[in-house]
Enquirer: 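Dumping the structure here so I can ask a few things about it.
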Amino acid sequence: MMGKLTAGLKKTRTALSGRLREVFAPGAAHDEEETLEALEEALLLSDVGLGTIEKLLARLSKDARGGTSLVDALKGRMTALWPENPAPEGPPPAPWVHLFIGVNGVGKTTTIGKLAAKRTAAGQSGLLGAADTFRAAAAEQLEIWAERAGTAFLRQREGADPAAVAFDSVQVGMSKRLDFVFVDTAGRLHVKHNLMAELEKIYRVIGKAMEGAPHQVSLVLDATTGQNGLSQARRFLEAVPVSDLVLTKLDGTAKGGIALSIADELQLPIRMVGVGESVEDLIPFDPGEYVDALLSLDNDA
């Protein structure tokens with residue numbers, strides 16, 4: 001059965017495969033320079049950054065020797081872009097405090113709800129903390145997800161200190177011995193200094209509520225924004241220690257190559273990707289499957 005990640009990359013794969021088939025079709029006559037130019041054009045169209053493309057294609061033909069095809073050599077280089085995920089050491093802390101950050105409209109609250117639903121389905125107990133206190137609709141959306149997932153929910157009055165909500169959420173999670181606490185934050189423009197300073201405060205306060213927390217900080221990015229997502233990510237990385245990325249709406253763009261630039265330039269793992277609307281469509285990211293799907297010469301693969 002076609003994997004969800006492979007299916008989700010259909011638009012990107014379709015955009016790439018036509019050009020790739022022209023280059024690698026049996027009997028196609030292309031010298032090395034023409035082939036590399038065609039590959040560069042195809043990768044640019046899928047929104048891979050120039051710096052990453054140069055790294056992928058530099059002296060690529062030297063890797064394609066001894067029976068290794070140029071496509072397989074390129075796959076190897078792409079896969080090698082991702083940093084290795086360190087193995088967990090011992091049992092996770094309880095509660096596992098997970099902070100979610102990102103700009104407006106990337107699907108952050110929905111991502112939190114889907115992840116919470118997956119955890120409760122696995123028998124865990126948790127709490128969703130609504131630290132977006134600026135928009136009542138944001139807290140209401142998170143509360144709906146909490147009800148669906150069967151988790152506890154914590155909010156304060158509109159306009160309350162977001163850091164206080166985060167602090168209280170962790171305290172409740174500890175007192176009730178919950179398995180996880182997910183903290184939602186306001187979508188903020190990465191160019192707004194005061195909002196980023198507030199995010200820094202939330203991070204610090206969570207650490208005061210529980211030593212070693214937050215245990216995970218996920219930056220949620222919208223795949224359809226392409227290279228602009230990289231500039232967003234860099235600013236967030238300056239504010240707080242981001243541990244990983246969640247890439248949403250990967251199924252909604254022909255520019256799914258942005259994941260390659262993210263891996264190359266940010267050196268952060270992509271933990272999850274969104275390839276649809278349902279809970280099951282938020283899936284772990286597999287670099288190998290991603291690369292295979294991206295360079296498939298068959299649109300139906």
Enquirer: Given Ile206 and Met210, is the side chain to side chain contact (heavy atoms under 4.5 Å, CB included) satisfied, shown in steps?
Expert: CA-CA 6 Å; Ile206 288 176; Met210 180 181 181; 6.0 Å; no
Enquirer: Can you confirm whether Val273 sits close enough to Tyr290 that some side-chain heavy atom of one is under 4.5 Å from a side-chain heavy atom of the other?
Expert: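 Val273 does not reach Tyr290 side chain to side chain.
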Enquirer: Look up atom CZ in Arg119 and atom NE2 in His98, then write down how far apart they are to the nearest 0.5 Å.
Expert: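 NE2 of His98 is found 8.0 Å from CZ of Arg119.
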Enquirer: Do Phe236 and Val220 have side-chain heavy atoms sitting under 4.5 Å apart?
Expert: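 A side-chain contact is absent here, since even the closest heavy-atom pair is not under 4.5 Å.
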Enquirer: Which heavy atom of Asp222 sits nearest a heavy atom of Thr248, and at what distance?
Expert: CA-OG1, 3.6 Å
Enquirer: Closest heavy-atom contact between Leu99 and Thr185?
Expert: CD1-CG2, 3.6 Å
Enquirer: Which pairs of donor and acceptor atoms, one on a side chain in residues 155-170, lie under 3.5 Å apart (sequence neighbours left out)?
Expert:
residue, atom, partner, partner atom, Å
Gln156, NE2, Asp168, OD2, 2.6
Asp161, OD1, Ala163, N, 3.1
Asp161, OD2, Lys201, NZ, 3.0
Ser169, OG, Val165, O, 2.8

Enquirer: Please check if the side chain of Asp132 supplies one atom and the backbone of Phe134 the other of a donor-acceptor pair under 3.5 Å.
Expert: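 Checking the backbone N and O of Phe134 against the side chain of Asp132, a donor-acceptor pair under 3.5 Å is found.
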Enquirer: Ignoring hydrogens and geometry beyond distance, is a side-chain donor-acceptor pair present between Asn228 and Ser231 at under 3.5 Å?
Expert: yes
Enquirer: Looking at Leu81, is its backbone amide N or carbonyl O close enough to the side chain of Gln267 to form a donor-acceptor pair, meaning the two atoms are under 3.5 Å apart?
Expert: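 Judged by distance alone, yes, a pair lies under 3.5 Å.
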Enquirer: Applying a strict under-4.5 Å side-chain criterion to I, L, V, M, F, W and Y, I'd like to know whether Val217 and Phe100 cluster together.
Expert: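 Yes, because Val217 and Phe100 connect within a single hydrophobic cluster, where side-chain heavy atoms sit under 4.5 Å apart.
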Enquirer: For the pair Phe285 and Trp82, name the ring-plane relationship: parallel under 30°, tilted 30 to 60°, perpendicular over 60°.
Expert: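 Judged by the thresholds at 30° and 60°, the geometry between Phe285 and Trp82 is tilted.
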Enquirer: Would you indicate whether the side-chain heavy atoms of Pro214 and Val183 approach each other to under 4.5 Å?
Expert: no
Enquirer: Which heavy atom in Leu268 sits nearest to a heavy atom in Val242, and how many Å separate them?
Expert: CD2-O, 3.5 Å
Enquirer: Kindly say whether Ser125 contributes a backbone atom to a donor-acceptor pair with the side chain of Asp179 at under 3.5 angstrom?
Expert: yes
Enquirer: Which value, rounded to the nearest 0.5 Å, describes the distance between Ile101 atom CD1 and Leu199 atom CG?
Expert: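 One finds 5.0 Å between CD1 of Ile101 and CG of Leu199.
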Enquirer: Side chain to side chain contact (heavy atoms under 4.5 Å, CB included) for Leu221 and Ile270? Distances and angles first, verdict last.
Expert: CA-CA 10 Å; Leu221 295 174; Ile270 299 174; over 6 Å; no
Enquirer: Kindly compute the distance separating CG (Asp184) from CG (Leu154), expressed to the nearest 0.5 Å.
Expert: 12.5 Å
Enquirer: Quick check: does any side chain N or O of Ser46 sit under 3.5 Å from a backbone N or O of Leu43, one acting as donor and the other as acceptor?
Expert: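 Yes: the side chain of Ser46 pairs with the backbone of Leu43.
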Enquirer: Donor-acceptor pair, Ser218 side chain versus Val246 backbone, under 3.5 Å?
Expert: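 It does not hold such a pair.
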Enquirer: Could you state the interatomic distance from CE (Met196) to CZ (Arg235), rounded to the nearest 0.5 Å?
Expert: 4.5 Å
Enquirer: Give, for atom CG of Leu36 and atom CG of Leu56, the distance between the pair rounded to the nearest 0.5 Å.
Expert: 11.5 Å
Enquirer: Among residues at least two apart in sequence or on other chains, which ones pass side-chain contact (heavy atoms from CB on, under 4.5 Å) with Leu44?
Expert: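 For Leu44 the side-chain contact (heavy atoms from CB on, under 4.5 Å) partners, ignoring immediate neighbours, are Glu40, Leu50, Ile53.
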Enquirer: Using atom types as modelled and distance alone, determine if a side-chain donor or acceptor of Glu289 lies under 3.5 Å from a backbone N or O of Thr6.
Expert: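 Checked: pair present.
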Enquirer: Taking C-beta and beyond as the side chain, do Ile112 and Trp145 meet within less than 4.5 Å on heavy atoms?
Expert: no
Enquirer: Hydrophobic clusters here meaning ILVMFWY residues chained together by side-chain heavy-atom distances under 4.5 Å, can you tell me if Val291 and Leu294 are in one?
Expert: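 Yes; Leu294 is reachable from Val291 via cluster members.
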Enquirer: Evaluate the side-chain proximity of Lys114 to Thr110: yes if any heavy-atom separation is below 4.5 Å, no if none is.
Expert: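 Heavy-atom side-chain distance check passes, below 4.5 Å.
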Enquirer: Is there a side-chain contact between Glu140 and Ile144, using heavy atoms and a 4.5 Å cut-off?
Expert: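 The answer is no, as the side chains (C-beta and beyond) never meet within the 4.5 Å cut-off.
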Enquirer: Under a 3.5 Å distance rule, please check whether Glu211 uses its side chain to pair with a backbone N or O of Gly207 as donor and acceptor.
Expert: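 No.
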Enquirer: Checking side-chain contact (heavy atoms from CB on, under 4.5 Å) between Thr151 and each of Thr120, Val181, Leu127, which is the one that passes?
Expert: Thr120
Enquirer: Are Leu57 and Leu74 side-chain neighbours, meaning at least one heavy-atom pair lies under 4.5 Å?
Expert: yes
Enquirer: Roughly how far, to the nearest 0.5 Å, is CD of Glu238 from CD of Glu200?
Expert: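 If I round to the nearest 0.5 Å, the distance is 9.5 Å.
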Enquirer: According to the interplanar angle, ranging from 0 to 90°, do the rings of Phe182 and Phe180 count as parallel (below 30°), tilted (30 to 60°) or perpendicular (above 60°)?
Expert: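 Taking Phe180 first and then Phe182, their aromatic rings sit tilted (interplane angle of 30° to 60°).
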Enquirer: Give me the atom names and distance for the closest heavy-atom approach of Val48 to Gly257.
Expert: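 Smallest heavy-atom distance, with atoms named: CG2-O, 3.5 Å.
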Enquirer: With hydrophobic residues grouped by side-chain heavy-atom distances under 4.5 Å, do Val172 and Phe153 end up in a single group?
Expert: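 Yes, because Val172 and Phe153 connect within a single hydrophobic cluster, where side-chain heavy atoms sit under 4.5 Å apart.
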Enquirer: Strictly distance-based, threshold 3.5 Å: is any side-chain N or O of Gln171 a donor or acceptor partner for the main-chain N or O of Ala209?
Expert: yes
Enquirer: Does Ala7 offer a backbone N or O that forms a donor-acceptor pair with the side chain of Asp251 under 3.5 Å?
Expert: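 No, because the side chain of Asp251 does not come within donor-acceptor range (under 3.5 Å) of the backbone of Ala7.
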Enquirer: Mind running salt bridge (charged side-chain N to carboxylate O under 4.0 Å, His left out) on Glu280 and Lys4 for me, showing each step along the way?
Expert: CA-CA 9 Å; Glu280 291 75 21; Lys4 284 184 176 290; over 6 Å; no
Enquirer: Under a 4.5 Å cut-off applied to non-hydrogen side-chain atoms, are Arg77 and Asp63 in contact?
Expert: yes
Enquirer: If you take all heavy atoms of Ala146 and Ala152, which pair is closest and at what distance?
Expert: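 The pair with the smallest heavy-atom distance is CB-O, 4.2 Å.
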Enquirer: Of the non-hydrogen atoms in Gly187 and Lys108, which two are nearest, and what is the gap between them?
Expert: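 Closest approach of Gly187 to Lys108, heavy atoms only: N-NZ, 3.8 Å.
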